[in-house]
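Notes follow the structure.
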Amino acid sequence: EGLKQDAQMYAGCISGAIQKKTYLDIIESAGFKDVSIQKEKRITIPNELLVNYLSASEQKEFQSGKVGIFSITVYAEKEGGKSEINTASQTVAKAACCGPDCCN
């Protein structure tokens, strides 16, 4: 919740992120087919920032690698041509992304 309230985290496409599955479902519901993740990169948040937003147990879980924030590049096709939907931040386990136009 703390991350969602921080303007810096929002500007960095972290606080506005959504679940990865939700993001991929939105792409499919927009009529895209053959949706696939082309790239996935872990986003590092310094511990000195995490301490402001996460409890000690949440920090430990985040640092364990079970949960993370990732930038993904998604490829999809839609009738009339191919389209690439660019990078979005998201977490795995608590997956998220902020949308097709941010974090380029």
Side-chain angles (χ1 to χ4, degrees):
E1 273 312 303
L3 284 172
K4 291 181 182 180
Q5 305 303 319
D6 186 274
Q8 182 180 0
M9 293 294 121
Y10 183 79
C13 294
I14 293 171
S15 68
I18 62 173
Q19 298 284 334
K20 177 171 45 174
K21 181 177 181 340
T22 300
Y23 183 61
L24 297 174
D25 289 346
I26 290 168
I27 294 169
E28 288 181 357
S29 69
F32 287 89
K33 305 289 182 214
D34 299 322
V35 178
S36 63
I37 296 172
Q38 299 295 302
K39 290 191 297 185
E40 190 167 320
K41 178 186 168 204
R42 181 178 284 275
I43 303 300
T44 303
I45 299 176
N47 290 337
E48 53 271 9
L49 285 177
L50 290 177
V51 73
N52 295 323
Y53 307 107
L54 304 178
S55 68
S57 63
E58 289 171 328
Q59 288 177 51
K60 188 173 183 175
E61 182 181 17
F62 186 84
Q63 293 165 340
S64 75
K66 295 178 185 174
V67 198
I69 298 173
F70 293 83
S71 171
I72 64 172
T73 300
V74 176
Y75 175 85
E77 295 181 7
K78 193 169 187 180
E79 190 172 316
K82 295 180 180 181
S83 296
E84 186 172 305
I85 299 172
N86 282 327
T87 318
S89 295
Q90 61 91 29
T91 60
V92 170
K94 293 182 181 176
C97 74
C98 56
D101 297 327
C102 74
C103 307
N104 291 326

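Nothing fancy with the numbering, it's 1 onward along the sequence. All figures in this text were calculated on a predicted structure; none of them were measured in a lab. All heavy atoms count here, side chains included; hydrogens, waters and symmetry mates do not.
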- Query: If we ignore angles and hydrogens, is there a donor and acceptor under 3.5 Å between the side chains of D25 and Q19?
  - Reply: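 No, no side-chain donor-acceptor pair sits under 3.5 Å.
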Return the set of residues passing side chain to side chain contact (heavy atoms under 4.5 Å, CB included) with [X] (not counting sequence neighbours), or none when no residue passes.
X: V35; result: L24, I27, E28, F32, V74, A76
X: S64; result: K66
X: S36; result: Q38, Y75

Given side chains that start at C-beta, do those of [X] and [Y] come closer than 4.5 Å, heavy atoms only?
X: K41; Y: I72; result: no
X: I43; Y: F70; result: no
X: E40; Y: K20; result: yes

- Query: Taking only residues two or more places apart in sequence, or in another chain, which ones meet S57 in a side chain to side chain donor-acceptor pair (under 3.5 Å)?
  - Reply: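 For S57 the side chain to side chain donor-acceptor pair (under 3.5 Å) partners, ignoring immediate neighbours, are S55.
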- Task: Measure across Q59 and L54 and return the closest heavy-atom pair with its distance rounded to 0.1 Å.
- Result: NE2-O, 3.0 Å
- Query: What's the spacing between K39 NZ and S71 OG if we round to 0.5 Å?
  - Reply: 7.5 Å
